[in-house]
Amino acid sequence: MQSEVTRALDSKDDLKDVPYDDRYFKRKTQGTARDTLIDDTPAFLVVDGNYLSACWPGDAHTLAKKFDAILKAQP
């Protein structure tokens, strides 16, 4: 998936990944931890205006909560 996204970008440097200094880098990148309703530490989302994306299905709880917050913030 990452290679497909990278190919579609103007520059491969435009790809935003989990920063190495993120406190939960391993939880976010190993692919073994899933978020829950009360623990979003393994989730990695990208928010750009009204665009919202998650890395994988294991981010579903956090994605849904953030999507709800975006909808509620609309006039």
Side-chain angles (χ1 to χ4, degrees):
M1 170 89 169
Q2 182 173 332
S3 62
E4 292 177 29
V5 171
T6 304
R7 276 196 308 270
L9 296 172
D10 289 334
S11 167
K12 66 180 181 179
D13 296 329
D14 290 339
L15 181 72
K16 303 297 182 210
D17 206 345
V18 180
Y20 290 110
D21 62 348
D22 187 293
R23 180 176 175 191
Y24 299 106
F25 177 80
K26 286 185 180 179
R27 293 198 80 207
K28 293 176 185 286
T29 59
Q30 288 179 337
T32 56
R34 294 176 178 259
D35 70 355
T36 68
L37 288 174
I38 58 172
D39 179 15
D40 64 358
T41 58
F44 181 63
L45 304 182
V46 172
V47 182
D48 185 4
N50 288 327
Y51 175 79
L52 175 64
S53 178
C55 285
W56 71 304
D59 298 339
H61 292 97
T62 306
L63 179 77
K65 288 192 293 186
K66 184 63 178 177
F67 184 62
D68 182 57
I70 289 171
L71 291 176
K72 287 179 178 172
Q74 298 299 313

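Reckoned from all heavy atoms, side chains included, excluding hydrogens, waters and symmetry mates.
- A distance of 5.5 Å separates CG of Asp59 from CG of Asp35, quoted to the nearest 0.5 Å.
- In terms of modelled atom types and a separation under 3.5 Å, the side chain of Lys28 and the main chain of Phe44 share no donor-acceptor contact.
- Arg27 has a carboxylate O that lies under 4.0 Å from a charged side-chain N of Asp39, or vice versa, which qualifies the two as a salt bridge.
- Of the inter-residue distances, the one linking Lys26 atom NZ with Tyr20 atom OH reads 13.0 Å to the nearest 0.5 angstrom.
- Hydrophobic cluster membership for Val47: Leu45, Leu52, Leu63, Phe67, Ile70, Leu71 (Ile, Leu, Val, Met, Phe, Trp, Tyr linked by side-chain heavy atoms under 4.5 Å, directly or transitively).
- Counting heavy atoms from C-beta on, the side chains of Ser11 and Leu9 never come closer than 4.5 Å.
- Side-chain atoms of Lys65 come within 3.5 Å of backbone N or O of Leu37 as a donor-acceptor pair.
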